[in-house]
Enquirer: 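Let me begin by handing over the structure; questions about it come next.
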Amino acid sequence: MQTPWYFCIGLILVICCTTLGVNASSTPLNLYVSPIGNDSWSGKIAAPNPEKTDGPFHTLERVRHQIRTLKKAGKFLKGGVTINLREGIYERKEPFILNAEDSGTKDSPIVYRPYLNEQVRLSGGKEIQGFYPVNDEGILKQMPSVSRGKILQVDLKAQGITDYGELSARGFGRPDHLSPLELFFADQPMQIARWPNQGYLKIADVPTGKDGGKFTYEGDRPQRWSNARDIWLHGYWTWDWADSYAKVKLIDTQTHEISTEPPHGIYGYTKGQRYYVLNLLEELDTPGEYYLDRQTGILYFWPPSPVENNRAIVSMMKEPLVSLNDASYITLSGLIFEDSRGAAIRVVKGENVLVAGCQIRNIGTNGVEIKGGIRHGVISSDVYNIGETGIVLNGGDRKTLTPAKHYAVNNHIHNYARWVNTLRPGISIQGVGNLIAHNLIHDAPHNAILLAGNNHIIEFNNIHHVCLETGDAGAFYMGRDYTQQGNIIRYNYFHNLYGFQKQKRFTEVMAVYLDDGTSGTTIYGNLFYKVERGVLIGGGRNNTVENNIFVKNKVSVSVDARILGWAKASAARGGNWRMVEKLEDMNYKHPPYSTRYPQLVKILEDEYGIPKGNKIIRNVYFGDGWLKLEDKLTDKTITIEGNLIKNDVSFVIPNDDLLQLKSDSTAYKFGFQSLPINKIGLYKDKYRKAVF
């Protein structure tokens, strides 16, 4: 299988036309911006001249205006414009907006980048100073004894900060919410005071039933909280794949019962499920925790290191730091985006917008959001400490199967889904014809990649230690739509994927989870190493698992027939999955679906629910668990051919633990093709100087 032509051509055009900032026959105009600049100056000089009568602009808005003026005057030079940002922190109080009129062209791109190698930070936060030890006896009595003498306070109102945002009932299946004001210290997110400090409590019982809006707890800890206001809970209330927040309405310390405000925990409360309590001054008992009294504006903080040596920032911005609306041929290169309650960068419509070599961190919702348009991309960037999803790629027309050709390539994405833990992946890919390649994704509570749509390619990614807090979860996940076909998952390295320990066992995590009828997916040439379950085909059809290596997995491949069993009603017409209706929404019996995916045309008439057409062929397995066919499935339904299942398969094991078959392996005699192991993961380029 070769990469479709449109990815190759699209990437070449974007890299040549937008990342270099020049073409063969022209040189870009250089303009300069600096925190110590002046918007009345020309912006043509990198630093103020000795007389301070000319120099760089002061604001991004001023340089944007200058470019607009040049274009209107017909002086927009062939070769484009490079905006050189001088070192410093650019505190944003409103989004920097670029519209169609701010676009470059193929031959004249617009590039925003640091001057030379200076560090440029676009911040949605405000630095706070003036911390001093807590000396109010009433407040001290509320604190744990271990905290007294170690907690500092600062008056936010005195520093002009009065908008604190609110904690909200956000979570799985809930409407989007901004994060409230957060504290970042030494460029790391701090923790709202919580109990317990690590891990979870268990629901003792639900005496009024799952949907009664209340549950009981064990122990007497809540007796400490008699003066507490605005207490919140965060938990996996019924399912280990669905988390949400709930506000406490009442705590009865006599009956040990907690009542919550609606909307209550997602899917109701279930005995034995897990949660923690947060937003409590009374639980501010460990370094790195903080509590904000929203009535007084006082922020209490136990710093993990001296405040004199590090910056303390509170997030303020609600809108994206940079918002591009129907803009084209613009590159954001080498910049740091940080400390916002909302998203860092939002790209809507337009074409050929590139985020390259940036750091995107300490963000309240999503890192980069790409919605609509064509050929937008995020490359060679570090995305971490993100409140929800790292990168969103959404584009292409599913009715016509027109690709968007968006891409996320060579990015390091980790420690995301800080606020909402479930269905907030490292990369969300939606629509048609988009690419996720060469990314390193790790350390997160749930999915690495969440897919919806058609004809996407997921390749050369290194994915490990995700789904750390969830169960019945997939590092790669998609499901519940027969029409989402033509997706390819190839040459990826999935490893060290296990859930959290629950009742003396680990919750189940899949490397590739084709859930609830997922069909028409190709899984080719991947390496699965030390995972709970490599590939799960959950009742779908026409999926191919071919030429993969499975090593030391509990189960490597499993297939079930759930749509004939427990999921029958959900997958039927009128069922809550809308499987039949989704087929009809895409007009599946007519082009382009009938020609591109002919196997769909008679899916409802051809023994609906039987997982036909699945192939497990020419894979290599080493370890204790290979294939699991459930619901009485056999090789009469599933094609199982040419697999090499041995405990003595020989491997070459380089220093990075990527396993490759030896050149004389028996597998090659069965038609197995060597995997391009050395191409998996991050690579060095003009933006990424080191790999991990």
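Starting from 1, each residue takes its place in the sequence as its number. In this text the structure is predicted, and so the values were computed from the model without any measurement.
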Enquirer: Using ring-ring contact (aromatic ring centres under 6.0 Å, His included) as the criterion, list what pairs up with Trp241, not counting sequence neighbours.
Expert: Phe172, Trp239, Tyr267
Enquirer: Sub-3.5 Å donor-acceptor pair from the side chain of His456 to the main-chain atoms of Gly431, do we have one?
Expert: yes
Enquirer: Quick one: ring-ring contact (aromatic ring centres under 6.0 Å, His included) partners of Tyr164, sequence neighbours excluded?
Expert: none
Enquirer: Before giving the answer on salt bridge (Lys or Arg N to Asp or Glu O under 4.0 Å), spell out for Lys628 and Asp560 the whole-Å C-alpha distance, their side-chain angles and the decisive distance to 0.1 Å.
Expert: CA-CA 9 Å; Lys628 187 176 182 181; Asp560 65 49; over 6 Å; no
Enquirer: Answer yes or no: is there a donor N or O on one side and an acceptor on the other, between the side chain of Gln485 and the main chain of Tyr482, under 3.5 Å?
Expert: yes
Enquirer: Contact between Arg480 and Lys582 at the side-chain level, heavy atoms closer than 4.5 Å - yes or no?
Expert: yes
Enquirer: Does His446 use its side chain to pair, donor to acceptor, with the backbone of Leu423 at less than 3.5 Å?
Expert: yes
Enquirer: Whether the side chain of Asn362 engages the backbone of Phe184 through a donor-acceptor N/O pair (distance < 3.5 Å, no angle test) should be reported.
Expert: no
Enquirer: Report the C-alpha separation of Asp163 and Lys318 in whole Å, then their side-chain angles, then the decisive distance to 0.1 Å, and conclude whether the salt bridge (Lys or Arg N to Asp or Glu O under 4.0 Å) test is met.
Expert: CA-CA 11 Å; Asp163 180 0; Lys318 299 177 182 178; 2.8 Å; yes
Enquirer: Indicate whether the side chain of His442 and that of His412 have a donor and an acceptor atom separated by less than 3.5 Å.
Expert: yes
Enquirer: Which label fits Tyr236 and Tyr200: parallel for a plane angle under 30°, tilted from 30 to 60°, or perpendicular past 60°?
Expert: perpendicular
Enquirer: With a 3.5 Å distance limit and no angle check, can you tell me whether Arg148 reaches the backbone of Met143 through a side-chain donor-acceptor pair?
Expert: yes
Enquirer: Is any side-chain heavy atom of Leu627 closer than 4.5 Å to a side-chain heavy atom of Ser558?
Expert: no
Enquirer: Distance alone, cut at 3.5 Å: any donor-acceptor contact between the side chains of Ser570 and Asn576?
Expert: yes
Enquirer: With side chain to side chain contact (heavy atoms under 4.5 Å, CB included) as the test, would you mind laying out the steps for Val509 and Val531 before giving the verdict?
Expert: CA-CA 8 Å; Val509 169; Val531 302; over 6 Å; no
Enquirer: Return yes if a side-chain donor-acceptor contact under 3.5 Å exists between Asp472 and Tyr513, otherwise no.
Expert: yes
Enquirer: Go through it in stages, so that I can follow the logic: the residues are Leu440 and Ile413, the test is side chain to side chain contact (heavy atoms under 4.5 Å, CB included), and I'd like the CA-CA distance, side-chain angles, deciding distance and then a yes or no.
Expert: CA-CA 6 Å; Leu440 171 60; Ile413 306 168; over 6 Å; no
Enquirer: Donor-acceptor pair, distance only, cut-off 3.5 Å: does the side chain of Thr270 make one with the backbone of Thr238?
Expert: no
Enquirer: Indicate whether the side chain of Asp443 and that of Asn415 have a donor and an acceptor atom separated by less than 3.5 Å.
Expert: no
Enquirer: Indicate whether any N or O donor in one side chain lies under 3.5 Å from an N or O acceptor in the other, for His256 and Asp220.
Expert: yes
Enquirer: Quick one: does Thr521's side chain get under 4.5 Å of Ile489's, heavy atoms only?
Expert: yes
Enquirer: In Å, rounded to the nearest 0.5 Å, how long is the span from CD1 of Ile429 to CD1 of Ile436?
Expert: 4.0 Å
Enquirer: For residues 387-394, dump all side-chain donor-acceptor pairs below 3.5 Å to protein atoms at least two apart in sequence or in another chain.
Expert:
{"residue": "Glu388", "atom": "OE1", "partner": "Arg424", "partner atom": "NE", "Å": "3.0"}
{"residue": "Glu388", "atom": "OE2", "partner": "Arg170", "partner atom": "NH2", "Å": "2.6"}
{"residue": "Asn394", "atom": "ND2", "partner": "Gln430", "partner atom": "OE1", "Å": "3.2"}

Enquirer: Are Val535 and Met510 side-chain neighbours, meaning at least one heavy-atom pair lies under 4.5 Å?
Expert: no
Enquirer: Given ring pair (Phe, Tyr, Trp, His ring centres under 6.0 Å), test Phe550 with Phe528 step by step and report yes or no.
Expert: CA-CA 5 Å; Phe550 298 91; Phe528 299 87; 4.7 Å; yes
Enquirer: Kindly indicate whether the side chain of Arg418, heavy atoms from C-beta on, has any atom under 4.5 Å from the side chain of Asn385.
Expert: yes
Enquirer: Just wondering, do Val559 and Glu630 contact through their side chains at under 4.5 Å, heavy atoms?
Expert: no
Enquirer: Is there a donor-acceptor contact under 3.5 Å from the side chain of Thr518 to the main chain of Asp515?
Expert: yes
Enquirer: Starting from the C-alpha separation in whole Å, work towards a yes-or-no answer on salt bridge (Lys or Arg N to Asp or Glu O under 4.0 Å) for Arg573 and Glu584.
Expert: CA-CA 11 Å; Arg573 181 180 294 279; Glu584 294 169 346; 2.6 Å; yes
Enquirer: Could you check Glu282 against Arg224 for salt bridge (Lys or Arg N to Asp or Glu O under 4.0 Å), going step by step and ending with a plain yes or no?
Expert: CA-CA 7 Å; Glu282 292 82 352; Arg224 296 184 178 194; over 6 Å; no
Enquirer: Below 4.5 Å, heavy atoms only, C-beta onward: do Ile298 and Leu156 meet side chain to side chain?
Expert: no
Enquirer: Can you tell me how far apart CZ (Arg361) and OH (Tyr384) are? Round to the nearest 0.5 Å.
Expert: 4.0 Å
Enquirer: Let's go through Ile449 and Tyr477 carefully: what are the C-alpha distance in whole Å and the side-chain angles of both, what is the deciding distance for side chain to side chain contact (heavy atoms under 4.5 Å, CB included) to 0.1 Å, and is it a yes or a no?
Expert: CA-CA 6 Å; Ile449 297 172; Tyr477 179 90; over 6 Å; no
Enquirer: Has the side chain of Ser556 got a donor or acceptor atom that lies under 3.5 Å from a matching backbone atom of Gly534?
Expert: no
Enquirer: With distance as the sole criterion, is a donor-acceptor pair present between the side chains of Asp243 and His234 under 3.5 Å?
Expert: yes
Enquirer: Under 3.5 Å, side chain of Asn447 to main-chain N/O of Cys467, donor-acceptor pair present?
Expert: no
Enquirer: Please determine which of Trp232, Phe215, Tyr269, Tyr245 meets the ring-ring contact (aromatic ring centres under 6.0 Å, His included) test together with Tyr275.
Expert: Phe215
Enquirer: Verify whether one side chain among Glu532 and Asn553 offers a donor that lies under 3.5 Å from an acceptor in the other.
Expert: no
Enquirer: Would a distance-only check, ignoring hydrogens and angles, find a side-chain to backbone donor-acceptor pair under 3.5 Å from Asn619 to Asn548?
Expert: yes
Enquirer: Side chain to side chain contact (heavy atoms under 4.5 Å, CB included) for Thr544 and Ile523? Distances and angles first, verdict last.
Expert: CA-CA 6 Å; Thr544 299; Ile523 303 166; over 6 Å; no
Enquirer: Less than 4.5 Å apart, any side-chain heavy atom of Thr255 and any of Thr216?
Expert: no
Enquirer: Looking only at the side chains, is there a donor atom on one of Glu289 and Gln191 sitting less than 3.5 Å from an acceptor on the other?
Expert: no
Enquirer: Could you walk me through whether Glu182 and Trp419 satisfy the side chain to side chain donor-acceptor pair (under 3.5 Å) test, starting with their C-alpha distance in whole Å, then the side-chain angles of each, then the deciding distance to 0.1 Å, before giving a yes or no?
Expert: CA-CA 11 Å; Glu182 288 190 81; Trp419 276 97; 3.2 Å; yes
Enquirer: Can Asn542 and Asn614 be counted as having a side-chain donor-acceptor contact under 3.5 angstrom?
Expert: no
Enquirer: Looking only at side chains, do Thr286 and Asn197 share a donor and an acceptor under 3.5 Å apart?
Expert: no
Enquirer: Apply side chain to side chain donor-acceptor pair (under 3.5 Å) to residues Asn462 and His495 and explain how you reach the verdict.
Expert: CA-CA 8 Å; Asn462 184 345; His495 59 109; 2.8 Å; yes
Enquirer: Output the distance between atom CD1 (Ile139) and atom CG (Leu284), rounded to the nearest 0.5 Å.
Expert: 11.0 Å
Enquirer: What's the separation between atom CZ in Phe622 and atom NZ in Lys552, rounded to the nearest 0.5 Å?
Expert: 6.0 Å
Enquirer: Does the ring of Tyr276 carry Arg194 above it, NZ/CZ under 6.0 angstrom from centre and within 45° of its axis?
Expert: yes
Enquirer: Can Asn461 and Tyr493 be counted as having a side-chain donor-acceptor contact under 3.5 angstrom?
Expert: no
